[in-house]
Structure formats: structure tokens, C-alpha cells
Protein chains: 4
Amino acid sequence: MEKKQQILAAALALFVEFGFHGTPTAKVAQDAGVANGTLFHHYKTKDELVVNLYNSVKEELAAYLSEITHESDFITPKFKNIFTHTLYWALQNRAKFYYIRQFEVSPHYAKISADTIEKHGAIMNQLITEGVKKKLLQTRPVDLMLSLYNSNIFGIYQYIINSKPEPEEQQAAVLAGYEMVWDMLRYKG
Amino acid sequence: MEKKQQILAAALALFVEFGFHGTPTAKVAQDAGVANGTLFHHYKTKDELVVNLYNSVKEELAAYLSEITHESDFITPKFKNIFTHTLYWALQNRAKFYYIRQFEVSPHYAKISADTIEKHGAIMNQLITEGVKKKLLQTRPVDLMLSLYNSNIFGIYQYIINSKPEPEEQQAAVLAGYEMVWDMLRYKG
Amino acid sequence: MEKKQQILAAALALFVEFGFHGTPTAKVAQDAGVANGTLFHHYKTKDELVVNLYNSVKEELAAYLSEITHESDFITPKFKNIFTHTLYWALQNRAKFYYIRQFEVSPHYAKISADTIEKHGAIMNQLITEGVKKKLLQTRPVDLMLSLYNSNIFGIYQYIINSKPEPEEQQAAVLAGYEMVWDMLRYKG
Amino acid sequence: MEKKQQILAAALALFVEFGFHGTPTAKVAQDAGVANGTLFHHYKTKDELVVNLYNSVKEELAAYLSEITHESDFITPKFKNIFTHTLYWALQNRAKFYYIRQFEVSPHYAKISADTIEKHGAIMNQLITEGVKKKLLQTRPVDLMLSLYNSNIFGIYQYIINSKPEPEEQQAAVLAGYEMVWDMLRYKG
DNA sequence: TATGAATGAGGTTTCATTCAT
DNA sequence: AATGAATGAAACCTCATTCAT
């Protein structure tokens, strides 16, 4: 079990730095401190490793978010809570967050089943659907809102990463971003 | 000159379908109708081809945008003009637009010089800077506004692509997206 | 271990016949009875193979010479012993001896460290140094004597090879050569 | 005519530094300041260039030697004259001298006709034959004497190059070398 | 005579994967 | 479960040579 974690950790670091194809499995094994064959003992193919890593990262993020939210919370604060904590998590797990992007733009993403994708987006999907119904969010297609939500998360993250401010500045930027996005999506009479 | 264009065209189609690494240079040459060596006669490296293709696509988009705008235009309509035409161009040049994303998320992007990146973003940078100064846009960091602008372009594009509507629906979606983004960035007393 | 030896043996035969560049690594692997990748598993580079082969041949000769000599031998017979046995070895290991020349004239030779070169020449260097000190050899720079020693080995070898005499003739030629060289280097009042 | 010389000069410098196979014809052309095709206009193949360069260098050396000797000279001073001037030439034309060695050890050498080889060695061959007959040189096979003569030239050259002394030291070393070699080959009662 | 774009065979090297231990 | 030598297909790239201008 230990070794699988080492492999995932090494793969994450290398994939983020050099890309999937820029990273030989031999290098992953070496950095993980295991033998070449061991990697293939745990993951039948390189693709399987790539996909497993994505799923494990996604699940980690999902677990974190479900930890800081509760079913019973009101929609408006819940939205803020999820939005800001997603960014906090991203800033503290940059490699993992970068890997998510990298993976989702790659042809590998096609191998993720529709079910899994839907499951990953379920929380926000539900939240937005409810928000629209209760007239807390604009009356627009849910998919459009969701897509904008996601791309704004990336946009703000990108901005913060590039301008590399201090931790306090980062927090301020997250809040500023939240305000803008909320203002964009909220219901206006 | 002819052959260079053929190579770029073949590379674009293949890279978008199979990814950089999923595309052998031999296949690019073959699809371009030139000999293998010809590709390397014009581009010393596969990497050089990948980067040149990116630059050529970016320049094409920039040329298109500068064609449909005029220095003298007012900021507000100019913003709308650029925003909507960027999306129209993206929808009519999907492979090229997809390639831009693919490239910018890849490690190759690190090879693009800061100068070049700034040049590519110059038009919008200038527009937003001016808009902020004239109190037509919110008083926020220009880089944040720019980052959000870009990510929203991608978000809306993604939404339209995924929900595959008819041309008219596409146009409506573009306008809806424009309204939301403008509402997000515009000055509010 | 086995396979590394097979690769070296195949490389020697081919390099001597066709030269380094006239010999594809694929041919080396094939003649060695191993897969192409196996060669690169043991030698990261073709260059590394070329250099390793040289070192291994040089060490073999050194081992042979140290086998037939003893520290305690007197200088004069020791000189004769080494001189003649070097030639005997060369005549019985023509490919290896030819390879040494081929390598030392090639640009590859520049990659051999000064330390290694000195180590290879250590036995004769010591012997000549001592011979000069004890007034058994001429009072000339040791490096000059060493250089002449080596080139005369090659000269006599070349003569024998070209005139292809019978074994007995070869032995006579070796002794004749020895006499001339010894006469050239020995102390003369 | 000019361009052929430029090509030969560039080829010499590059072949000496990188070897025949380490030097692309394209690089030769570039360094010579001519177009790629121009090289092949003057030399049908790369091999032809390699061989022509060898012949031109050999002829240059032969011309120089015949310039400083006369048919009528006595054998003993003529021998000294040729020996020392060969070394002087070598020291002042290092690249050319190095190229001769490089070429003669390579498989290319097999392409030089026996006639040409004999012609190149004719002067010394004749001199040694005559010297043996007149009991000025030892009664040994001419080929052996010739082979030793040549290898000693290389040996002394090598020594001088490696110990890099000042010009005066070089001259002294040449003379010391001459004395040793003459002492080796001369007739002794 | 000179050019340089074009060619394509062939070379070196990489790398995911297997398998005997 | 773990190893690492062995594999061989396939990738990238080189380069001598040709040819239309």
C-alpha cells in the first residue's frame, strides 16, 4: 500500500513538470524508490496510472469540500464556502490542481465515464439547480452557469498564481473573485 | 513557403485529434504530402513545429480581431465587438481554438517568452486598462480582469460546444455570455 | 553479465571490420544475439560502448602483461619480456590490437581521462624511469622514450602484419625488432 | 577554383576535429561559405572529398620535401634532411599531419591504389634501399626499416605535441629524435 | 558554375511492457 | 508483492545526395 502512494506522489510531481508523455514510467518508478516492474505490478498500464491519479486527486478535493460543507447549509453561504475553499485547496495543492487541468484538456479525459464526470460535478450542479429554482441565481441554463463557475475558478487561480502575492493578498484576491463571480451569477430582480 | 503551410495544416489537424505526443512526425509529413526530411528541413525539431504552430494560430486570431476593430471605437462597443468576435472565430476555427488551449496547458507553454505572451494579450490589456481609468470597468487589478475575461471566453465556448445548439442558438449563447461577463466587469457606481 | 560480454565481442569484430560509424548498433545487437534495446540497457550510448570496449581491451592487455612479469625482475630482461610479449599478444589478438589503434587516432580518444591514460602507461613509464635512473637506458626525457617505445611496437607490428610471414618468421621479426629498439634506447657509455 | 580550396580547408579543419563521420557535408559547405549543392558540384561524393583531401595533403608534403632535397645529395645528410624537415612540416601543419594519420588508419585507406601508396613512399624507399646496399644502413629488410622510420616520425611528433615545448625546444627534440632513430638504423660494423 | 529546398533511407535512442526469479 | 534485465516496436532526427532554377 505504501508503495502505491509513493508511485502516485512521484507521478504527480513528474507529470506536472514534464507532462504525461514527457515522463517515462522508469523515471516515475525511480523517483518513487521502487523497481520498474513494481509500478506495473500495481498499475497494469501507464494509462491506468494516469487515470487513477486523476481520480484520486479528484476524490481528495471532493472529500475536502464535503468536509467543510453540510447538507443543511443555506445556498448563499454554501456557495461562498465551496467557492472560496476550492480556491484555498487549489492554492495549497497546486500540483494536484494543475494536474486536474492538464488531464481534463488531454485526450485521456475521454476515458472518464460520463457517470464519473457527473458525480464529480454533482455538488455544484445540485447547488446551482436549487439556486436557480429558488430565484437566488439567474434564470440561465444550469450548464452555462456551471461552466462559468468552473472557468472562473481557474481564472482567479491563474491570476493569483501569476501575481504571486502574499498569503493575505491571496485571501483578499479569493474574496474579490468570489464577489465578482457571485455578482455575475446571482439573481437580479 | 507552400510546403510550410501544408505542414502546419496537417500538424494542426493531427495534434488536435491525437495530441502532440500521439502524433508522429512521420504522420504529419505524410498528411502534408511531403517527405519526412522536409518537415525537419523547415522545423529543426518537433518542438519547434509545435511552438511555431501555436504562434501562427495566435497571430491569426490577433489579425482577425484587429481587422474587426478600430482604434477610434468607443470602449464599450469595442469590448462587445472583441468578445463576441473572439467567440465567433473560436466556433468557426474549433481546431485552432482547441489547439490554443491544449498548448497553453502543456509544459510547452513555458517556452513562450514573456514578451510574446504580453504581445498576444496586448489588445485586451490596453482596452481594460483604459476602461478602468475611464470608470467604465470596475476598479480591480487589470490582470485579474484580464484573467477573468479569458477564462470566461473559454467557459462560454465550452458550454456552447458541449450543448451543441444550432447556429442561432450559438449566437444567442454568445450574446448571453457577453451580457453576463460585461455585467461582471462593468463599473457599478 | 553474459550478454554484456557478447555485446563487446560482437562490437569488436564489427568495429574492426567496418569502423565505429560503419557499424549500426542494430548490427552489433544482432550479432551479439540480443535485442536492440538490450544493448542500450547496458550501454546508455553507442559512444559509451565504444569507450568501454577500448577500456576493456586495454585492461586485458595490461592484465596479460602483469601476468608475465614480476616486480622483482631485473630491468633489462623485464624490458625484453614486456616488449616481446606485447607483440605476441598483439599478433594473437589482432582485432583487439587494431581496435586500440583505431580508437586512439579517433576523436573518441579525447574522452579518455588523463588519469586513465596514465594508468594504462604506468608499467612502462615506471620501467623506463627506473632504467634511466640506473643508467641502463639513455638519459633522455622519459616521455620521449615512452613515445618511441610505443610507436616502435606499432611499427614492428605493422611490418609483420604486412609481410605476413610464417609463425617462426614472426618470432624472428619480433626479436629483430626488439634488438633494434633496445639498441636505440639503451645506455651507451 | 577558389571555392574548391575553401571546401578543402573547411573539410580539413572539421575532419580533424570531429572525424569524417562526425562531420556532415552540410557543415563543410557552411564553413566553406558555399551552398550545400556546390560541394557536390565539385566532389561527386563525400568519399571523393575525403580521398581528394588526403591526396592533396600528401602531395603538399611531397612537394615540400622534394623542394628541400636534391637527387645528388649524399645519403647520410639527405636522410637527416628529410627526417627533420618532415617533422618541421608536421609541426607547422598539424591539422594536415593529423589528417594523414587519421586517414591511413581508416577504412578509406583501402581505396588508395597500391601504385599511389608506393609513389608516396618512393623517396624513402629508394633512400633506404640505397643506404642498405652501400652499407650505410643496417642489413635488415627494407620494409622493416621503412616501417620503423615512419612510426618513429609519428612517435617523436606525438611526444613534441604532448609536451608542448617552446619552438627552440621543439627543434632540439627533433634533433634528439633524429639522433636516436639514425643510431637505430645506421650500419654498425 | 552555383544554389538550397527537397528527399527518404537509415541510424540512434526511448520506453511501455513482460517475465523469470 | 517485488525486482530489474530483457525486449522490440516505434519515435525522432540526420545526412548524403539530387534537381529544378
Side-chain angles (χ1 to χ4, degrees), chain A residues 1-4 7 20-30 32-50, chain B residues 1-4 6-7 20-30 32-49, chain C residues 1-4 6-7 20-30 32-49, chain D residues 1-4 7 20-30 32-50:
Chain A
M1 282 308 108
E2 176 100 0
K3 307 227 168 190
K4 284 188 82 162
I7 291 168
F20 310 124
H21 293 92
T23 309
T25 51
K27 188 96 177 71
V28 174
Q30 184 187 307
V34 303
N36 214 307
T38 306
L39 189 155
F40 285 88
H41 185 71
H42 290 291
Y43 302 95
K44 265 198 289 292
T45 67
K46 188 185 186 181
D47 267 27
E48 195 176 309
L49 170 61
V50 166
Chain B
M1 279 307 111
E2 177 95 0
K3 307 230 168 188
K4 282 186 86 164
Q6 291 167 29
I7 292 169
F20 311 123
H21 296 93
T23 308
T25 52
K27 188 94 177 71
V28 174
Q30 185 188 306
V34 302
N36 213 302
T38 305
L39 190 154
F40 287 94
H41 180 69
H42 291 291
Y43 303 96
K44 270 197 283 293
T45 302
K46 187 183 186 183
D47 264 30
E48 196 176 307
L49 169 62
Chain C
M1 281 307 109
E2 177 94 2
K3 309 230 167 189
K4 282 186 86 162
Q6 292 169 29
I7 291 168
F20 311 124
H21 295 93
T23 309
T25 52
K27 188 95 178 71
V28 174
Q30 184 187 306
V34 302
N36 213 305
T38 305
L39 191 155
F40 287 92
H41 180 70
H42 291 292
Y43 303 96
K44 269 195 284 292
T45 300
K46 187 183 187 181
D47 264 31
E48 196 176 307
L49 170 62
Chain D
M1 280 308 107
E2 176 100 358
K3 307 227 168 187
K4 283 188 84 162
I7 291 168
F20 311 122
H21 293 91
T23 308
T25 52
K27 187 100 177 70
V28 174
Q30 184 188 306
V34 303
N36 215 306
T38 306
L39 189 154
F40 285 90
H41 185 72
H42 292 290
Y43 303 96
K44 265 198 289 291
T45 66
K46 187 185 187 179
D47 267 27
E48 197 177 306
L49 170 63
V50 166

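Residue numbers begin at 1 in each chain, while the letters A, B, ... track the order of the sequences.
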Practice prompt. Write down the distance between NE2 (B/H42) and C1' (F/dT14), rounded to a whole number of angstrom.
Written response: 16 Å

Worksheet entry | Atom-pair distance (CD on C/E48; P on E/dT14), nearest Å | 11 Å

Practice prompt. To the nearest Å, give me how far apart NZ (B/K3) and P (E/dG4) are.
Written response: 18 Å

Worksheet item: Which comes earlier along DNA chain F counting from the 5' end, the contact point of A/H41 or that of C/L39, where each point is its nearest nucleotide?
Response: A/H41

Discussion item. Between C1' on E/dA5 and CD1 on B/I7, what's the gap in Å once rounded to a whole number?
Written reply: 11 Å

Discussion item. Quick check: do B/F40 and B/T25 have side-chain heavy atoms less than 4.5 Å from each other?
Written reply: yes

Worksheet item: In dot-bracket form, how is DNA chain E paired, counting a Watson-Crick or G-U wobble pair only if both its distances are under 3.5 Å and using | for bases paired to another strand?
Response: .||||||||||||||||||||

Item to complete: For the pair D/K27 (side chain) and D/G22 (backbone), establish whether a donor and an acceptor sit closer than 3.5 Å, ignoring hydrogens and angles.
Response: no

Worksheet item: Closest heavy-atom contact between D/A35 and D/A29?
Response: O-CB, 3.8 Å

Worksheet, complete the sentence: Heavy-atom closest pair (A/T23 atom, A/V28 atom, distance to 0.1 Å) is CG2-CG2, 3.6 Å

Practice prompt. Could you state the atom-to-atom distance from CD of C/Q30 to P of E/dG11 in whole Å?
Written response: 12 Å

Response to the item:
Taken to the nearest 0.5 Å, the spacing of B/K4 NZ from B/L49 CG works out to 10.0 Å

Please tabulate, one pair per line, each protein N/O and nucleotide N/O from nucleotides 16-20 of chain E that are separated by under 3.5 Å, including the distance.
residue	atom	partner	partner atom	Å
E/dA16	OP1	A/K46	NZ	2.8
E/dA16	OP2	A/T25	N	2.5
E/dA16	OP2	A/T25	OG1	2.6
E/dT17	OP2	A/K46	N	2.8

Worksheet item: So which of D/K3, D/H41, D/E2 actually passes side-chain contact (heavy atoms from CB on, under 4.5 Å) with D/V34?
Response: D/K3

Item to complete: Hey, could you give me the CZ/NE2 distance between C/F20 and D/H21, rounded to the nearest 0.5 Å?
Response: 11.0 Å

Item to complete: Please round to the nearest 0.5 Å and tell me the distance separating atom CD of D/E48 and atom NE2 of D/H42.
Response: 12.0 Å

Discussion item. Please report the distance, rounded to the nearest Å, between OH in C/Y43 and C1' in F/dA6.
Written reply: 15 Å

